[in-house]
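Everything numeric here is computed off the predicted structure, so don't read it as measured data. By convention here, the first residue in the shown sequence is residue 1.
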Amino acid sequence: QVQLVESGGGLVQAGGSLRLSCAASGRTFSNYAMGWFRQAPGKEREFVAAIAWSGVNTDYADSVKGRFTIAKDNTKNTVYLQMNSLKPEDKAVYYCAAKYRATWYVLGRLSNWYDYWGQGTQVTVSS
């Protein structure tokens, strides 16, 4: 089992930045591919970004490409999502997810590929 705890959400003006963190406890973190998803009110959960457990590959939704960056620090058991140039449409609850024992270069965009989920952190962007 692994437990995931997100932090770093909050209220920011459009054009601003936030950095989300997802701290993992439990099994060896380096074995996990990680992902970030978000869910806005009345909408389905959507893929935001993912990183292979080795860190060699990353992937982003088109809506955040060039603005968000995912990174993984295996020494701190933490994955980050740096969000720049935030827009009102980025407002959502952001969730991190973990896939255990993925192949070292593999990452995923589908929520049902992941084994574990955090509770989420709210991000609000004012216009």
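Between Ser85 and Arg67, the closest heavy-atom pair is O-NH1, 2.9 Å. Smallest separation of non-hydrogen atoms from Trp104 and Ala52: O-CB, 3.3 Å. The two residues Ala24 and Leu4 have their closest heavy-atom pair at CB-CD2, 3.7 Å. In plain terms, the two heavy atoms of Leu81 and Ala49 that are nearest each other are CD1-CB, 4.1 Å. When every heavy atom of Ala92 is checked against every heavy atom of Gln39, the shortest pair comes out as CB-O, 3.4 Å. For the pair Leu86 and Leu18, the tightest heavy-atom approach, listed with the atom from each and the gap, is CD1-N, 3.9 Å.
With hydrogens and angles ignored, the 3.5 Å screen pairs no side-chain donor or acceptor of Thr58 with any backbone N or O of Ile51. With hydrogens and angles disregarded, a donor-acceptor distance shorter than 3.5 Å links the side chain of Thr121 to the backbone of Gly9.
Rounding to the nearest 0.5 angstrom, the gap separating the OH atom in Tyr100 from the CD atom in Gln1 is 11.0 Å. For the atom pair CG (Asn57) and CD1 (Ile70), the distance works out to 12.0 Å, reported to the nearest 0.5 Å. Distance check: Ser17 OG to Met83 CE gives 8.5 Å after rounding to the nearest 0.5 Å. In this structure, the separation between SG on Cys96 and CD on Glu6 is 4.0 Å, given to the nearest 0.5 Å.
Looking at Arg38 and Tyr94, their side chains do bring a donor and an acceptor atom within 3.5 Å of each other. Gln13 and Ser126 are not linked by any side-chain donor-acceptor pair at a separation below 3.5 angstrom, with hydrogens and angles left out of the test. Checking Asp73 against Thr78 by side-chain atom types alone, no donor-acceptor pair falls below 3.5 Å.
In terms of the salt bridge (Lys or Arg N to Asp or Glu O under 4.0 Å) criterion, residue partners of Arg109 (sequence neighbours excluded) are, by chain and number, Asp59.
Residues in residues 113-127 take part in these salt bridge (Lys or Arg N to Asp or Glu O under 4.0 Å) pairs, two or more places apart or across chains: Lys99-Asp115.
Under 4.0 Å is where a charged nitrogen must lie from a carboxylate oxygen, and between Lys65 and Asp62 at least one such pair does.
Here Tyr60 and Phe47 keep their ring centres 6.0 angstrom or further from each other. For Trp117 and Phe37, the ring centers are positioned less than 6.0 Å apart.
Under a cutoff of 6.0 Å and an axis angle of 45°, Arg45 and Tyr95 form a cation-pi pair.
Atom CD of Gln119 sits in a sparse spot, with 12 or fewer heavy atoms from other residues, nucleotides or ligands closer than 6.0 Å.
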Apply the test side chain to side chain contact (heavy atoms under 4.5 Å, CB included) to residues Leu20 and Tyr80: give CA-CA distance (whole Å), side-chain angles for both, the deciding distance (0.1 Å), then the verdict. CA-CA 6 Å; Leu20 305 184; Tyr80 303 97; over 6 Å; no

